[in-house]
Amino acid sequence: MASFPSTASAALTATLKLQPQFRTHPPTSLPIEKSQNISLQKSNYFTDFAPKNLDFREALSLAKEVTEVDSSFYFPLLQECLDRTSFADAQAIHGHATKTGAQEDVFVMSFLVNVYAKCGRLEAARKVFDNMPRRNVVGWTTLMVGYVQKMKPENAIHVFQEMLYAGSYPSNYTLAIALSACTSMRSVKLGNQFHAFIIKYQIDFDTSICNALCSLYSKCGHLKLALRAFRRIKEKNVISWTAAISACGDNGDPTTGVRLFVDMLSEDTQPNELTLSSVLSQCCEILSLELGTQVHSLCAKLGYLSNLRIRNSLLYLYVKCGCIDEAQILFSGMDDVSLVSWNAMIAGHAQMMELTKDNISACHYGIKALKLFSKLHRFGMNPDLFTFSSALCVCSRMAALEQGEQIHAQAIKTGFLSEVVVGSSLINMYNKCGSIERASKAFLEMSTRTMISWTSMITGFSQHGRPQQALELFEDMKLTGVRPNAVTFVGVLSACRHAGMISEALTYFEIMQKDYKIMPVMDHYVCLVDLFVKYGRLDEAFDMIKKMDFEPSEYILASLVAGCRSHGNLELGFQVAEQLLSLKPKDTETYLLLLNMYHYAERFEDVSRMRKIMKEEKIGKLNDWSWISIKETVYSFKPNDKEFPQSSLVYESLEVLISKAKNLGYEMLETMEMSEEEEEEEKISSTVIYHSEKLAITFGLENLPIFSPIRVVKSTLMCRDSHNFVKYVSTLTAREIIVKDSKRLHKFVNGQCSCGDLGVFF
DNA sequence: CTAGGGTTAG
């Protein structure tokens, strides 16, 4: 058994070949036992013989006295055991049946196997099954179901093989169960073998089988195959639709999922609770509140509003679409709140942080999330791994180290730290809070590591300007046999980018495609292009962009422009800038990049041309905020802000810092931004000197203990001037300054930034 | 006997 699943395919193939009946049967005659017989029998027993309104206990005691019983006597009793999943009662009935000779009855015994399996007592079920006078397909299938439910899919497959050896034919249910075993093993390979078998016997239109196929392919990440299986179904039922709709949701295609839901309704199939909750979560993803509200009404109409799962899905919908108030009302109105509801609220607020452009509200969401986290204990809830990972994620986005540490302590106390997901979140939290040491400590202390843990740590080293360690870790990862994915390689390539290792980067890029069959994405090209630009190998940078399978994105062209500017190749920068403009960029930051580049080069005709374009395209103001958290209070700043505590003191000491920095060689660069007054062309852009992060950092220097690092979060990208200035400040004050901007992490120590100046944009 | 909420890496 231990050899599964590696040898499972081979074994199964061998088995199928050995079975003579499979070879002799012509493909048109199905080797499928008619399982309907048994269900027909069962319903006859129930309708014809079952005592009406029988109390379970009464029936049991009655059963003890009766010795001459028809086997139909046992069915309602066993049904009751099944509903109650009561092993002890089932055993009592079993004992009685041995006395009356009912153990000779295949149907009674099959049912008993079913009950035992449902109760999770697979050994007992197996024993009954082995003693059956004639073992049938239902029994085999029931055993398989038991194993799949007990998360032992290998055993289920093994039972399937045994069944074939014993000469039984699988029914469509048996195959569906076998496929679901493949699903829980995440083995498409084995699943394919079953699929081939299914096609061979031309039952690839069967509802149950295709439902199972659909979910197998979906869980293994093959949405197309999943939908193909779905489309082949001749008679689609709720489960088919639900499987297909969730498949879209699980594989990142909510638009198709929602469309399928509409199709489903137009075909008059009534959705069930799972369909509705899947659709609701997909409405969240496409942020379609309108559709979501309609589904909400539908839930009301179908009477699902008291259903906890549906309510939780609705919570997610409202929280993620930004209707916090709606969600709050729903949440407080729930008399029956589960931990999932709390998790929904916390994760929802965490998600809101990302969706909100306005940093100050983003910060409020973060604070609210952490408040919810500390409150749930009082409501008799204990956080689980989902709660912990969401809460840690909030801390990482807020760079809230203190809160993160507290949650870390709680995770240790409750034992959830041993959960891989929590451990990975912890690594991420320490990374984002600028503490690479504690991140690597957390990494080392993990007992098991997934690809995500490794990737987090590799990316962390890379972001903290430690490319060597990142690459060493990648080698270790390969040695332990954990398979990297596209994100891992983003980390690896960005490490190469930091270290300026062009040839190594190209080698890794090759390995990624050849050995790991990973398709390169934009982020990989960004690293490579940056590397070429860094060394002035611009032709190669352009070749690289040409080699891409997709059109260059706004982001990669912008980073090429930024690179050109950083490395003094303005001419080329201008060329790319024009190409970029023809793409009609979306981000304000892209326009600011170009505007500032032209301004810096004193090409004033271009500057006014840019202004005109920006006015036409209605490019808004940059929503620039920075915040710093000091002793549980969060202080936020906007550019040239004067409305905050100790404002005059902060400006005073900022001026001192600026002049000291100037003595060390700092040259202030004017950064142009959009001004408030847009009506006059002259005023459409203005310059910023007191960037929000400068204010936040100075505020931190004034209010945090000496030597303690300064952690600032910023809603937009850092500009060239500010990035340069903070480097000087880190030298002048001998402090570690961490700025988390909208794209990356900057850790300033001793006049150097961990981003290696690669993260500077405009 | 078929489908099964939410969490972590860029």
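Keep in mind it's a predicted model, so treat the numbers as computed, not measured. Just so we're on the same page: letters track the sequence lines, and every chain starts at 1.
- If you measure from atom CH2 of A:Trp342 to atom P of B:dG5, you get 23 Å, rounded to the nearest angstrom.
- Taking the six-membered ring where tryptophan is involved, the planes of A:His195 and A:Tyr217 are tilted, since the angle between them lies from 30° to 60°.
- Taking atom CD1 on A:Ile407 and atom C1' on B:dT7, their separation rounds to 14 Å, with Å as the unit.
- The side chain of A:Ser208 approaches B:dT2 more closely than any other nucleotide in the set B:dA3, B:dT2, B:dA9.
- Residue contacts for A:Tyr316: at a heavy-atom cut-off of 4.0 Å it reaches the sugar-phosphate backbone alone, with no base atom in range.
- Look at A:Ser281 and you'll find a side-chain N or O under 4.0 angstrom from OP1 or OP2 of B:dG6.
- Among the protein residues, A:Ala347 comes within range of the sugar-phosphate backbone only, with heavy atoms under 4.0 Å from sugar or phosphate atoms but none that close to a base.
- The base of B:dA9 lies close enough to the side chain of A:Asn485 for a donor and an acceptor atom to sit less than 3.5 Å apart.
- Closest approach to the A:Val340 side chain among B:dA9, B:dG5, B:dT7 is made by B:dG5 (side chain taken as heavy atoms from C-beta onward).
- The closest side-chain heavy-atom distance from A:Lys714 to A:Ser742 is not below 4.5 Å.
- Taking 4.5 Å as the limit, some side-chain heavy atom of A:Leu314 sits within range of a side-chain heavy atom of A:Leu305.
- Atom CD1 in A:Ile233 sits roughly 10 Å away from atom C1' in B:dT2 (whole-Å rounding).
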Quiz item: Hey, mind stepping through A:Phe509 and A:Phe489 against side-chain contact (heavy atoms from CB on, under 4.5 Å) and telling me if it holds?
Solution: CA-CA 8 Å; A:Phe509 191 59; A:Phe489 276 100; over 6 Å; no
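- Residue-level contact check: A:Asn312 touches the bases, meaning some heavy atom is under 4.0 Å from a base atom.
- Between the base of B:dG5 and the side chain of A:Asn343 there is no donor-acceptor pair shorter than 3.5 Å.
- Checking B:dA9, B:dA3, B:dT2 against the side-chain heavy atoms of A:Thr242 singles out B:dA3 as nearest.
- When heavy atoms are screened at a 4.0 angstrom cut-off, A:Thr459 is found touching the sugar-phosphate backbone but no base atom.
- Going from atom CD of A:Gln79 over to atom C1' of B:dC1 covers 12 Å, rounded to whole Å.
- As judged by a 4.0 angstrom heavy-atom cut-off over every strand, A:Ser390 is placed among residues touching the sugar-phosphate backbone only.
- Here A:Met457 lies out of heavy-atom contact (under 4.0 Å) with every strand.
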